[in-house]
Amino acid sequence: MSSPAQHLARPVAESLVQSVDWLAIAPPTLAAVVALVVLVADLFVADTRKPLLGWLSVAGLAASTALLLPLLDGDRSTFCQTGDPGACSYTADRFTLVIQFLVLGGALLAALLSVTALKDARGRLPEGEFWFLLLSSAAGAALLPASRDLATLVVALEVASLPAFALVGIRQGDRRSAEAALKFFLSSVTATAVSLMGISFLYATTGTLYLTRIAERIQHVDGQLHTLAQTGVVLTLVGFAFKTAAVPFHFWVPDTYIGAPLPIAAYLSVVGKAVGFSGLILVTVVGLPSYADVWGPALAALAALTMTVGNVGALRQQATRAYSAVRLLAWSSVGQAGYLLVPIAAAAYTDDAEHAVGSTVAYALMYAAVNLGGFSVAALVGRTSPRNRLTDYRGLHARHPLSALLLAFFLLCLAGLPPGVVGLFAKVTVFSAAVDAGLGWLAVVMAVNVVIALYYYLRWTTLLFRAPERAPEGETEGGTETGTEAGGEGAPVRHRVPAPLTVAITLTAALGIVLSGAPQLILRFTDTALF
């Protein structure tokens, strides 16, 4: 016979049980499960069969991306507070699905680049650990846009970041790689510590970690705690500003991109930014709309500073300097981060914050497709020119005509020039968001920076079609051997492009061309509700 205490304990226990919507959490969960499978399989797979782990990882990321399709029928939430369905830790709404598609699709393309990179490394990179870390980071990155409480948000941010530190420094015996990983790690940990302090301040003033509840309660904070709440808002934004590579939290970007394997640099340039911007949007627009007077001006100033410093840094790159092509892409990504910050800052000055945020999402989708395409062609050139200088791209049209045309297309998209129509329209939407919000000065700064960016993008583009410099007999030009074996005296030897690299270049090119032909496919995010 049960006691009264047992009768009292049963309802309490039952009230703590939460149902789990497994379909909603399937995309990041599958990526995490495949990561564990790869880690265990690595213990039993012979060295000669290690490449199978790469293809298993590619298949896992493709399956995780495909699992987004059943979620398109409507918003789903899980891990909700008992008795309060409005306070949930995980929500798969339209915003979540778009960012998860960007993250998992970007990770899939980075994985295709990695298959070739690991094969070329000839055992110098530990394959099992590499794939486990990449999949783990992708799982954390896919979790973040669905997070609707600050605890889950921070956990997802760190799950995405910690494996990335190891991936940057994974090349054994490479001093440059180790130095880049250490710089990336120390600066990121510092930013995370500051952000956690800000979150603790917000929890102290509101008594909750759920973003929707913070938005309600922070408006009624006691006057004595108002300064503490403002400080919490500012400190919380620091961690996400670091992930977005916003100035002055950008100093880790150039050295990290150069020290990391090129596929990981591509991964950080797209997936890392998606993580930072989605977290920034959730904290500001969803959790802290009543403090727009605090984060709005701060983000506007960061946007202006970031795009200016990034574009000037890219402009100063010397064509003959080692890794100048990767450095230019790194500084360019900082400048692009400034453009992405503009609509988020504009959301603080307009009543239609979702429209402004939609401009950031549309621009992020365009940037992800064409930037990954640029890195894919850079990976192709890097196979024969390990120093990856801008001068190594001179005469690329003579050696790889299609690759040169596609790289020119990607660069013109980033510059916002036809035929890269999608880049032009994406920049117009960002520009319009600033003007509609009354940030005319920020629109002027953006226009000036677009002109600056035109110069270095066009300078790189023209190199592709210039006559190649004639290399002395027996030497190589841009990593391509010359000789009669190629079909005539002085003719370049054509290197076969690996299938995974071909697929990566083809997918990004197809996506860029389709979006340039029908830019409304991504621009519609600026006109519809995301949350």
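Every value quoted in this text rests on a predicted model; they were computed, and no experiment measured them. Along the sequence shown, residues are numbered consecutively beginning with 1.
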Output yes when a side-chain donor or acceptor of Y90 lies under 3.5 Å from a complementary backbone atom of A24, and no otherwise.
-> yes

Closest non-hydrogen atoms of V430 and S359, given as atom of the first, atom of the second and distance, are CG2-O, 4.2 Å

Are Y349 and D436 linked by a side-chain donor-acceptor pair shorter than 3.5 Å?
-> no

Would you find a donor on one side and an acceptor on the other, under 3.5 Å apart, between the side chain of T152 and the backbone of R148?
-> no

Heavy-atom neighbours of F249 CZ exceed 12 at 6.0 Å | yes

For T192, side chain to side chain donor-acceptor pair (under 3.5 Å) partners two or more places apart = E158

Has the side chain of T306 got a donor or acceptor atom that lies under 3.5 Å from a matching backbone atom of V247?
-> yes

Of all residues at least two apart in sequence or in a different chain, which pass the side chain to side chain donor-acceptor pair (under 3.5 Å) check with T212?
-> none

Does atom CZ of R176 have more than 12 heavy-atom neighbours from other groups under 6.0 Å away?
-> yes

Please check if the side chain of Q317 supplies one atom and the backbone of S324 the other of a donor-acceptor pair under 3.5 Å.
-> no

For F185, ring-ring contact (aromatic ring centres under 6.0 Å, His included) partners two or more places apart = F165

Any side-chain heavy atom of P145 sitting closer than 4.5 Å to one from I281?
-> no

First locate atom CG of L104, then atom CD1 of I99, and finally report the distance between them rounded to the nearest 0.5 Å.
-> 11.5 Å

S77 and T91: side-chain donor and acceptor closer than 3.5 Å?
-> yes

Heavy-atom side-chain proximity of Y339 to N311 below 4.5 angstrom = yes

Does a side-chain N-to-carboxylate-O contact under 4.0 Å join E216 and R213?
-> yes

Candidate list V283, L280, V154, T231, test side-chain contact (heavy atoms from CB on, under 4.5 Å), partner T236, passing option = V283

Side chain to side chain, I170 and F130, heavy atoms closer than 4.5 Å = yes

Hey, could you give me each pair passing salt bridge (Lys or Arg N to Asp or Glu O under 4.0 Å) that has a residue in residues 359-373? Not counting sequence neighbours.
-> none

Do side-chain atoms of S137 reach the backbone of L133 as a donor and acceptor pair under 3.5 angstrom?
-> no

Plane angle bin for F242 and F184 - parallel if under 30°, tilted between 30 and 60°, otherwise perpendicular | parallel

Measure the CG-CG distance between L157 and L153 for me, rounded to the nearest 0.5 Å.
-> 7.0 Å

Working to the nearest 0.5 Å, report the span between CG of L162 and OG of S188.
-> 7.5 Å

Heavy-atom check, side chain of Y367 versus side chain of S269, under 4.5 Å = yes

Find the distance between CZ (R316) and CZ (R327) and round it off to the nearest 0.5 Å.
-> 11.5 Å

So do the side chains of I214 and L288 get within less than 4.5 Å of each other, counting heavy atoms only?
-> yes

Mind checking whether N449 and M446 have side chains closer than 4.5 Å, heavy atoms only?
-> no

Who are the side chain to side chain donor-acceptor pair (under 3.5 Å) partners of T206, not counting sequence neighbours?
-> none

Hey, are Y291 and Q219 close enough side-chain-wise for a donor-acceptor pair under 3.5 Å?
-> no

Can you name the nearest heavy-atom pair linking A111 to L61, along with the distance?
-> CB-CD1, 3.9 Å

Over all atoms of both residues, closest heavy-atom pair of A434 and V342 | CB-CG1, 3.7 Å

Can you sort out the partners of K427 under salt bridge (Lys or Arg N to Asp or Glu O under 4.0 Å), two or more places apart, ordered by chain and number?
-> none

Sub-4.5 Å side-chain heavy-atom contact between V370 and T508 = no

So salt bridge (Lys or Arg N to Asp or Glu O under 4.0 Å) across residues 183-193, not counting sequence neighbours, yields K183-D255

Results of salt bridge (Lys or Arg N to Asp or Glu O under 4.0 Å) for D21 - residues two or more places apart only = R76

Please check if any side-chain donor atom of S332 sits under 3.5 Å from a side-chain acceptor atom of Y457, or the reverse.
-> yes

Could you pull out all residues at least two apart from R217 that satisfy side chain to side chain donor-acceptor pair (under 3.5 Å)?
-> none

Between the main-chain N or O of A191 and the side-chain N or O of S195, is there a donor-acceptor pair closer than 3.5 Å?
-> no

Please report the C-alpha distance between D42 and K50 in whole Å, then the side-chain angles of each, then the deciding distance to 0.1 Å, and finally whether the side chain to side chain contact (heavy atoms under 4.5 Å, CB included) criterion is met.
-> CA-CA 7 Å; D42 181 52; K50 295 288 186 184; 2.4 Å; yes

What distance separates L113 CG from F375 CZ, expressed to the nearest 0.5 Å?
-> 10.0 Å

For the side chain of S278 and the backbone of V275, is there at least one donor-acceptor N/O pair under 3.5 Å apart?
-> yes

Going from SG on C413 to CG on N371, what distance comes out if it is rounded to the nearest 0.5 angstrom?
-> 11.0 Å

Minimum heavy-atom separation for T350 to A356, with atom names?
-> CG2-CB, 4.5 Å

Work out which heavy atom in Q100 is nearest to a heavy atom in A146; give both atom names and the distance.
-> NE2-CB, 4.2 Å

State whether the side chain of S147 and the backbone N or O of L143 hold a donor-acceptor pair below 3.5 Å, judged by distance alone.
-> yes

Partner set under side chain to side chain contact (heavy atoms under 4.5 Å, CB included) for L69, not counting sequence neighbours = L72

Any pair with a residue in residues 263-287 that passes ring pair (Phe, Tyr, Trp, His ring centres under 6.0 Å), sequence neighbours left out, goes on the list, sorted by first then second residue, please.
-> none

Is the closest side-chain heavy-atom distance between F95 and L282 below 4.5 Å?
-> yes

ring-ring contact (aromatic ring centres under 6.0 Å, His included) with W331: which residues, sequence neighbours excluded?
-> H250

Residue pair P289 / A215: nearest heavy atoms and the distance that separates them | CD-CB, 4.0 Å

